[in-house]
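One structure is given here, and the rest of the page talks about it.
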Amino acid sequence: IIMFKKIGLILVLWCFSQMALSQETPIQPGDVLKVSVYGNPDLTTETEVSSTGFINLPLLGAIEIAHLISSQASEKIEQRLIDQKVLKNPQVIIVVLESKTNTVSVLGQVKAPGKYKINAGSRTLVDFIAIAGGLNPNASKDITIIKADLPSPANKITLNMEQIFVDGETNVLTMKNALLQSGDIIYVPEAPVFYIYGKVNRPGSFLLKREMTVAQAIALGGGISSVGTTRGLSIRRKSKGGKFIDIKVNENTLIQANDTLYINESIF
């Protein structure tokens with residue numbers, strides 16, 4: 001009976017150890033590690049796992065450890081130390097200082113760019129924009145998600161924040177490819193601008209909104225001044241060849257990024 005109890009205890013402990021191993025997060029490319037060798041501080045180093053899964057260690061050179069858990073990586077380094085006759089009985093400890101696993105990068109025009117952890121309450125674009133402090137005033141409403149698990153160019157998804165909140169198209173956030181996963185990147189570019197000059201009350205540069213017309217642009221410029229006219233409206237626009245061209249427009253013409261709208265003086 002005692003023997004069976006001992007065997008049972010050993011099996012229970014073994015099961016717990018296997019569960020712990022299975023739950024430990026594997027080392028990933030991009031992780032920053034501290035590798036310590038007990039009693040040998042000169043061999044201790046901090047290093048980043050390369051994109052190909054290797055780290056470089058003093059006296060040992062490159063060792064592939066990506067997708068191993070810390071204890072397995074430690075054993076591999078210990079064996080390399082023995083094989084190369086550096087130490088007879090090494091004890092290696094690996095600590096993950098910064099993990100790429102389960103994080104999303106938020107870059108560009110947000111108040112606090114950085115890497116943020118995925119958890120049960122943070123899964124979508126809106127979640128991570130909020131965690132990063134929200135958008136800057138000059139942020140574009142067209143935001144790009146770069147998916148880590150898809151090949152280029154299919155890995156780039158653009159979502160428009162105005163469509164999501166103004167038009168009520170919240171269903172875009174429930175699309176499978178719009179849910180964020182480890183290694184995904186959110187990039188918020190600067191909003192495109194246009195310029196308005198001539199006989200308007202408030203000339204200058206303004207943020208360009210989606211499908212903005214000349215009439216809406218004039219309204220942003222404070223309206224036409226008392227000596228201005230809507231006749232002879234023109235836009236200076238850069239062509240595909242890089243040259244600026246003048247285009248005659250009307251109040252329904254759509255404004256493009258970097259357009260310069262000019263309001264003429266009335267001759268009457």
Side-chain angles (χ1 to χ4, degrees), residues 28-32 48 51 98-196 204-221 235 237-240 242 252-261:
Q28 300 292 333
D31 287 355
V32 178
E48 180 176 338
S51 59
E98 181 181 335
S99 176
K100 184 179 178 181
T101 305
N102 238 25
T103 61
V104 168
S105 297
V106 187
L107 308 175
Q109 298 302 314
V110 292
K111 290 183 171 60
K115 288 185 177 181
Y116 296 94
K117 285 278 186 182
I118 295 174
N119 55 49
S122 303
R123 294 288 298 175
T124 67
L125 170 66
V126 173
D127 294 332
F128 282 95
I129 293 295
I131 292 170
L135 301 176
N136 290 335
N138 62 335
S140 173
K141 299 300 186 294
D142 290 316
I143 297 174
T144 298
I145 299 173
I146 303 172
K147 302 291 293 179
D149 60 342
L150 294 175
S152 180
N155 64 335
K156 292 184 179 180
I157 302 165
T158 298
L159 298 176
N160 181 270
M161 300 297 282
E162 288 183 345
Q163 281 187 312
I164 293 168
F165 293 114
V166 177
D167 298 338
E169 295 185 9
T170 53
N171 61 306
V172 294
L173 291 180
T174 62
M175 290 164 35
K176 183 178 179 181
N177 60 0
L179 290 174
L180 297 169
Q181 299 174 337
S182 179
D184 286 354
I185 298 171
I186 297 170
Y187 178 66
V188 183
E190 283 191 80
V193 297
F194 72 95
Y195 308 88
I196 181 168
S205 64
F206 299 89
L207 295 181
L208 177 63
K209 295 185 178 180
R210 296 183 80 228
E211 298 184 353
M212 177 179 282
T213 65
V214 166
Q216 292 169 327
I218 291 172
L220 275 181
I235 283 176
R237 180 176 293 168
K238 183 179 281 190
S239 67
K240 291 182 179 179
N252 295 318
T253 302
L254 294 180
I255 301 287
Q256 295 183 13
N258 300 314
D259 277 356
T260 299
L261 173 62

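Put simply, CZ on Phe128 and CD1 on Ile145 are 10.5 Å apart, with the number rounded to the nearest 0.5 Å. To the nearest 0.5 Å, the span separating OG1 on Thr253 from CE on Met212 amounts to 14.0 Å. Within the model, atoms CG of Leu207 and CZ of Phe194 stand 8.5 Å from one another, a figure rounded to the nearest 0.5 Å. For the atom pair CD (Gln256) and CG (Leu261), the distance works out to 13.0 Å, reported to the nearest 0.5 Å. Interatomic distance, Gln109 CD to Leu135 CG, rounded to the nearest 0.5 Å: 9.5 Å. Here OG1 of Thr103 is found 12.5 Å from CD of Gln181. Values are rounded to the nearest 0.5 Å.
For the side-chain contact (heavy atoms from CB on, under 4.5 Å) criterion with Leu125, the lone passing option out of Leu159, Asp184, Val188 is Leu159. With Ile235 as the partner, the side-chain contact (heavy atoms from CB on, under 4.5 Å) test is satisfied by one option alone out of Ile196, Thr260, Val214: Val214.
What you find for Pro189 and Asp142 is that their closest heavy atoms are CD-O, 3.5 Å. Nearest heavy-atom pair, Ser182 versus Ala148, reported as atom, atom and distance to 0.1 Å: O-CB, 3.8 Å. In terms of heavy atoms, Ala132 sits closest to Tyr116 at CA-OH, 3.9 Å. Listed here is the closest heavy atom pair of Leu254 and Arg237: O-NH2, 3.5 Å. The shortest heavy-atom contact between Tyr187 and Gly108 is CE1-CA, 4.0 Å. Among all heavy-atom pairs drawn from Ile157 and Lys147, the shortest one is CD1-CG, 3.8 Å.
Put simply, the side chain of Leu180 does not reach to within 4.5 Å of the side chain of Thr124, judged on heavy atoms. Counting only heavy atoms from C-beta outward, the side chains of Val193 and Asn138 never approach each other to under 4.5 Å.
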CA sep, side-chain torsions, deciding dist, call: Leu208, Asp259, side chain to side chain contact (heavy atoms under 4.5 Å, CB included):
CA-CA 10 Å; Leu208 177 63; Asp259 277 356; over 6 Å; no

Side chain to side chain contact (heavy atoms under 4.5 Å, CB included) between Ile131 and Val104, worked out
CA-CA 11 Å; Ile131 292 170; Val104 168; over 6 Å; no

Using side chain to side chain contact (heavy atoms under 4.5 Å, CB included), reason through Lys209 and Leu220 one step at a time and then give a plain yes or no.
CA-CA 11 Å; Lys209 295 185 178 180; Leu220 275 181; 5.7 Å; no

Determine, step by step, whether Arg210 and Lys141 satisfy the side chain to side chain contact (heavy atoms under 4.5 Å, CB included) criterion, reporting the C-alpha distance in whole Å, the side-chain angles of both residues, the deciding distance to 0.1 Å, and the verdict.
CA-CA 9 Å; Arg210 296 183 80 228; Lys141 299 300 186 294; 5.8 Å; no

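For Lys238, the NZ atom counts as loosely surrounded, since its 6.0 Å shell holds 12 or fewer non-hydrogen atoms of other residues, nucleotides or ligands.
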